[in-house]
Every structure is written in C-alpha cells, then in structure tokens.
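All of these numbers come straight from a predicted model, not from anything done at the bench. One-based numbering, in listed order, for ligands and for the atoms of each.
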Amino acid sequence: MPITFDEGPEAGRRIGFGQNRLEAASEERDETTLATALRDGRARFHLFADGKVLVRKDEDPTASFSAQDYRAFGGSAEDLVLLGHDGSIPVLATTIAMEGDAPPEPYRLYDMRSLLYSESVSDSEASAAARASSLLHWHAMNRHCGRCGTRSESRLGGYRRDCGKCGSTIFPRTDPVVIMLATDGERCLLGRGPHFPPGWYSTLAGFVEPGETIEAAVRRETREESGIEIAAVRYYASQPWPFPHSLMIGAYGEAVSSEIRFDARELEDCRWFTRSEIVSMIEDNHPEGLRCPPGKAIAHALISNWVAG
Ligand SMILES: [Zn+2]
C-alpha cells in the first residue's frame with residue numbers, strides 16, 4: 001500500500017514564525033564562516049535590545065538592517081550570530097545597547113509576541129527574527145560550560161559553543177511543547193489562563209517531558225489541565241515559538257470524556273465551546289465578548305481549521 005498524504009498547502013506555512021527562508025547550513029560552517037559573512041556588503045542584520053527586536057516603522061517597515069545600521073546602532077561583535085543565508089545573502093543577528101527607554105523615530109522595539117500579532121513586518125522577516133531571538137537567548141544563557149563552569153566560546157557563526165578547558169560542545173536547543181485542541185466532534189475545549197488578555201480563551205498547551213511521546217504529552221497535559229480524557233491524537237502543524245526557544249507541536253485530540261475538572265493553579269476557566277460560539281469568537285461578536293487568539297498563532301489555526309472542517 002502506498003502512503004497517502006493530505007493534499008493542499010502545508011498548514012504550518014500559514015502560521016506566524018513559520019516562513020523562514022534562511023538556510024543555516026550549520027554542517028558546512030567552519031571558523032571562517034562568520035568573518036566571510038561580515039565582509040559581504042549585502043549582509044543584513046537583525047538587532048535586539050533587551051530581548052526586543054528593532055523595527056524601522058515607516059512606510060516600508062522592516063526588521064532587517066544594513067551593515068551601516070549595525071555599526072550605527074553599536075551592534076555587539078561578540079554576540080553576532082549568522083542565522084543563515086537568504087539565497088546568497090548572509091543574514092546575521094546581534095544585540096545593541098539602547099540608551100534611554102526607546103530608540104529614535106522612526107525606530108521601535110517590539111517584543112516577539114507583539115511582532116507576531118501586530119504583523120508589522122513581513123512573515124519571512126518575523127520568522128528570521130524568531131530564529132534570531134531564540135539563538136541570542138540561548139547564547140546569553142549558556143556563556144559558561146555546564147560541565148566545568150569555564151567560559152565557553154561561540155563557534156561556527158553561533159551554531160555551537162565549545163569549552164576550551166574540558167572539551168564540551170553544546171548546540172542550540174529547541175524545547176518541544178504540545179498545543180492541542182480537544183474535540184468531541186461538535187464541541188471543542190478551550191481554557192483561559194490568568195494572564196490572558198480580557199475575554200481570551202485558547203487551546204491547552206504544555207512542555208513535552210523527558211522520555212515522553214507527543215501523543216502521551218497531549219493526553220497527559222489535557223488530563224492534568226482539564227480532567228478530559230483523550231483517545232486518538234492527530235498531528236496538525238507546528239510553529240517555532242521564540243519564548244525563548246520552543247517548538248509548538250499542534251495536534252487534535254479525540255475527547256472521550258466530557259466532565260471538566262480544570263486545574264485552578266494553571267487555569268482561570270475551562271469550557272466546551274460549540275462551533276457557532278467559536279465562529280462568533282473569531283468574528284469578535286460573541287455576546288459575552290469572548291475571543292480566540294489572533295491569526296498568526298497556531299492556536300488560531302487549530303481552532304479555525306476545526307470550525308471550517
Ligand atoms: Zn568545560
């Protein structure tokens with residue numbers, strides 16, 4: 001029997017931070033790669049201050065800057081990472097020191113969530129910025145060797161750190177998170193976290209634990225947060241989630257129980273929603289003012305795809 005795949009565009013390509021055009025080519029890198037990229041006059045830079053990404057907010061908004069801008073903003077040479085190449089053009093990222101609270105007009109600093117939801121820059125730039133944000137955070141948190149405590153050094157344009165004393169090498173990490181929409185066919189299960197914007201309900205989510213499959217994580221997290229039991233699990237799509245370096249793995253879960261007993265330590269509320277309620281939430285005319293996460297979030301894709309189906 002041949003394997004059959006769903007037709008149509010890959011779901012993840014419609015989700016924010018999922019449009020990365022950069023080729024990292026990390027296995028082809030050597031110790032000259034970063035210097036070669038820096039010598040290329042076409043190189044582009046993503047610049048970060050305090051974990052926020054710099055955006056030039058004018059008639060042609062961008063988070064991608066020239067080498068001249070990189071120098072003018074005092075970009076750190078030590079923190080430089082080569083994100084990859086867009087075609088043949090090197091794309092790098094580094095930190096900048098920002099004096100005062102805000103950059104001069106027309107520049108702004110966006111935290112990554114605001115960059116995603118505001119759709120201020122193109123999907124490909126936002127996706128490159130997400131890679132940059134995760135990599136820069138990983139470097140910032142791994143300046144010393146985890147085995148012997150010696151200061152480690154960035155190698156291969158930022159795709160590895162080496163300890164010169166004990167020889168340990170570490171690579172950038174990605175943390176898997178399951179995010180799932182449980183459904184009993186006619187209804188779907190959404191929860192409300194205490195820090196959500198007013199009226200927001202979203203899909204449940206949680207980190208995959210060591211030694212756990214994605215399917216088991218979907219069942220465990222749903223049970224822990226809502227008390228609902230899940231049978232079949234089906235993968236839908238994924239989303240790079242730079243908070244700080246997760247991969248959201250979106251799935252549907254077949255609910256085989258209906259009584260909700262939500263975990264009040266994690267959720268303020270958890271409810272079943274009918275399709276018509278979800279439509280009104282997406283269209284922002286729910287009678288109680290309830291809403292779903294906006295378009296670029298994988299939660300939105302999971303919910304709207306279920307409603308459409
Ligand atoms: Zn070491």
Asker: Hey, can you pull the donor-acceptor pairs under 3.5 Å for the side chains in residues 193-209, sequence neighbours left out?
Answerer:
{"residue": "Y201", "atom": "OH", "partner": "D269", "partner atom": "OD2", "Å": "2.5"}

Asker: Would R223 and E229 pass as an ion pair if we require N to O under 4.0 Å?
Answerer: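 Salt bridge: yes.
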Asker: Do side-chain atoms of Y235 reach the backbone of S238 as a donor and acceptor pair under 3.5 angstrom?
Answerer: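 Yes, Y235 side chain to S238 backbone: donor-acceptor pair under 3.5 Å.
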Asker: Do NZ/NE/NH1/NH2 and the carboxylate oxygens of R155 and E153 come within less than 4.0 Å?
Answerer: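 Yes.
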Asker: Who pairs with T33 by side-chain contact (heavy atoms from CB on, under 4.5 Å), at least two apart in sequence or on another chain?
Answerer: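 With neighbours one apart ignored, the set is R29, D30, L82.
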Asker: Tell me which pairs pass salt bridge (Lys or Arg N to Asp or Glu O under 4.0 Å) where either residue lies in residues 180-202, with sequence neighbours left out.
Answerer: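 Of all non-adjacent pairs touching residues 180-202, those that pass salt bridge (Lys or Arg N to Asp or Glu O under 4.0 Å) are D184-R187, E186-R275, R192-E268.
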Asker: Quick one: name the protein N/O/S atoms under 2.8 Å from the Zn ion (ligand 1), chain by chain.
Answerer: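 Protein N/O/S atoms under 2.8 Å of the Zn ion (ligand 1): C145 SG, C148 SG, C163 SG, C166 SG.
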